[in-house]
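Just follow the structure's listing: the first ligand is 1, and inside any ligand the first atom is 1. Heavy atoms only: backbone and side chains are in, while hydrogens, waters and symmetry mates are out.
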Amino acid sequence: MTDFNVTRTRFHLPDGVIYLDGNSLGPLPSGAVDRATRAMENEWGEMLIGGWNTAGWIDLPTTLGDRIAPLIGAAPGTTLVGDTLSIRLYQALGAALGLTDRRVVLTDSGNFPSDLYMARGLLKTLGQGHQLRIVDPEAVADALTQEVGVLMLTQVDYRTGRMHDMAALTAQAHAMGALTVWDLAHSAGAVPVDLAGAGADFAVGCTYKFLNGGPGAPAFIHVSPRHADTAPTLLNGWLGHAAPFAFEAGYRPAPGIARMRVGTPPVIQMRVLEAALDIWDDVDMADLRARSIALSDCFIAGVEAACPALTLASPRDPHQRGSQVSFRFADGYAAMQALIARGVIGDFRAPDIMRFGITPLYTTRADIDAAVNHLAEVIATRAYDDPAFRARRAVT
Ligand SMILES: *Cc1c(COP(=O)(O)O)cnc(C)c1O
């Protein structure tokens, strides 16, 4: 059994704060400061360039990938860490398109804009009649036709938390002769994921949300062993070369997942991520899921009872929901600012979504109850009418 009283102690949470935004940026793992300090003082400081070999910096993309793999149901040697999620998505989609003659990429309108922007940019670069087909999330299954070459979906919707059935859609895509690219940005560390069980072709995700790797922590990419040695590469950086230190004039991709490497890994940030991943060694994803659902259901019931003006934007059925709860409210931006002023931190997504991440590693039932009470007071007193809460900042 996972001891959530212990996992909570492994984070630094500021006094007086109830943090319901771990779906956007996880809090600081207590062990991260020491790990980063050691990486700087003992490794960089003492070893200088020798750190690449002596401290194993050069292998961090794969050693960290292997630590994330169990959280996403991936076999060892199939997952790699580095670069940002937007870059990884581009890379995965490009590889998938290189494995099919079909030209249509199917996705849904709930997908994160960056995924759509990156896909459009890639398809434009490829030319050749490639097109992005965007349908409603509920219409994805019906839109999977013989024309579709790649099904590219974010499993858990960043706004509503609605969760696609990865196993069913992957099976259906394969039956139609299509490949899959799954974005696990709001799945990794949030819900149990079984990439191998689903037979997923490619997956990408980020490590600064539910995995708590810190602002700007590098993303991950997973390539099924079926494709790892044949997947074409788009971003032919030297570290994805079969022999980077041969400095050959031509590019030869490395065998396996290493071909997805691009350039020099961010070592300090990776040491921070490593400390964050240590916490997961003591976590059973089934326990986490059960607690996430219990806390989410409790939050929904509390808010619906106390704030009739808010409308649930997330699926009510927990099996169709990731680990966040969203409500629609016309004054949602200002209401969220008023809530944050009271120490309850969630966030806002245009046009009217108040979003609350549910993160059982450090969020308790008492936090949920207190958050409901604060929200009820903000709504009842119309605290959101205060002009100070209406000015939009750069990051919402
Ligand atoms: C958070 C998120 C991103 C962000 O991409 P970065 O390149 O890390 O900024 C992309 N896609 C989805 C689905 C996300 O949730």
Side-chain angles (χ1 to χ4, degrees), residues 20-27 61 64-65 68 71-72 79-94 96 105-122 132 134 137 140 150-164 166 169 180-191 193 195 200 202-222 234-235 260 262-263 265-266 269-270 272-273 276 313-314 321-326 346-350 353 355-359 394-396:
L20 301 179
D21 214 359
N23 54 321
S24 217
L25 175 68
L64 291 178
I68 291 172
L71 299 173
I72 55 172
T79 308
L80 181 87
V81 172
D83 300 287
T84 75
L85 178 51
S86 303
I87 300 280
R88 290 303 182 190
L89 180 89
Y90 190 90
Q91 213 182 12
L93 182 59
V105 175
L106 178 65
T107 190
D108 75 57
S109 54
N111 207 342
F112 192 75
S114 192
D115 295 36
L116 303 178
Y117 304 155
M118 293 306 279
R120 283 206 195 90
L122 172 61
L132 185 64
I134 306 177
V140 169
V150 180
L151 175 64
M152 176 191 93
L153 292 174
T154 296
Q155 189 190 12
V156 176
D157 187 300
Y158 74 106
R159 267 186 298 225
T160 64
R162 185 238 347 103
M163 182 163 65
H164 280 303
M166 178 186 291
L169 285 172
T180 54
V181 174
W182 286 100
D183 188 329
L184 306 178
H186 297 275
S187 310
V191 296
V193 177
L195 288 174
F202 297 88
V204 294
C206 62
T207 63
Y208 53 79
K209 292 173 181 161
F210 290 90
L211 295 178
N212 314 305
F220 63 85
I221 182 167
H222 160 86
L234 249 75
L235 305 174
M260 293 297 162
V262 184
Q269 188 83 59
M270 284 182 161
V272 170
L273 173 60
S314 301
R321 199 171 63 215
S323 202
Q324 70 174 67
V325 174
S326 302
D347 64 19
F348 173 80
R349 287 294 174 265
I353 299 249
R355 194 170 72 150
F356 302 91
I358 308 293
T359 47
V395 175
T396 62

If you count the atoms of ligand 1 from 1 in the order shown, which ones are under 4.0 Å from a heavy atom of [X]?
{"X": "Thr84", "value": "7 (O)"}
{"X": "Asp183", "value": "11 (N), 12 (C), 13 (C)"}
{"X": "Thr154", "value": "13 (C)"}
{"X": "Ala185", "value": "12 (C), 13 (C), 14 (C), 15 (O)"}

Original post:
Nearest protein heavy atom to atom 7 (O) of ligand 1, by residue and atom, and its distance?
Top reply: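 Answer for atom 7 (O) of ligand 1: Ser86 OG, 2.7 Å.
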Original post:
At what distance is the nearest protein heavy atom to atom 8 (O) of ligand 1, and which residue and atom is it?
Top reply: Tyr208 OH, 2.7 Å
Original post:
For His186 and ligand 1, does the shortest N/O to N/O distance drop below 3.5 Å?
Top reply: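 Yes, since at least one N or O of His186 sits under 3.5 Å from an N or O of ligand 1.
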Original post:
Is there a nitrogen or oxygen of Lys209 sitting under 3.5 Å from a nitrogen or oxygen of ligand 1?
Top reply: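 For ligand 1, there is an N or O atom that lies under 3.5 Å from one belonging to Lys209.
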**OP:** Start with the C-alpha gap between Leu195 and Leu184, add the side-chain angles, then the distance that decides, and say whether side chain to side chain contact (heavy atoms under 4.5 Å, CB included) holds.
**Re:** CA-CA 10 Å; Leu195 288 174; Leu184 306 178; 4.1 Å; yes
Original post:
Considering Leu89, Asp115, Leu25, which one's heavy-atom position lies nearest to atom 11 (N) of ligand 1?
Top reply: Asp115
Original post:
Arg88 near ligand 1, heavy-atom distance under 4.0 Å?
Top reply: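 The answer is no, since Arg88 has no heavy atom less than 4.0 Å from ligand 1.
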Taking all non-hydrogen atoms of both residues, which atom of [X] and which atom of [Y] are closest, and how far apart?
{"X": "Leu25", "Y": "Gly214", "value": "CD1-C, 3.9 Å"}
{"X": "Gly82", "Y": "Met270", "value": "CA-CE, 4.1 Å"}
{"X": "Leu85", "Y": "Ala185", "value": "CD2-CB, 3.7 Å"}
{"X": "Gly213", "Y": "Val272", "value": "O-CG1, 3.5 Å"}

Subject >> Verdict with supporting geometry, Leu122 and Leu234, side chain to side chain contact (heavy atoms under 4.5 Å, CB included) >> reply: CA-CA 10 Å; Leu122 172 61; Leu234 249 75; 3.3 Å; yes
Could you pull out every donor-acceptor pair under 3.5 Å between side chains of residues 151-158 and any protein atom, sequence neighbours left out?
unit_1, atom_1, unit_2, atom_2, d
Thr154, OG1, Asn111, OD1, 2.5
Thr154, OG1, Asp115, OD2, 3.4
Gln155, OE1, Ser187, OG, 2.7
Asp157, OD1, Arg159, N, 2.7
Asp157, OD1, Thr160, N, 3.0
Asp157, OD2, Arg162, NH2, 3.4

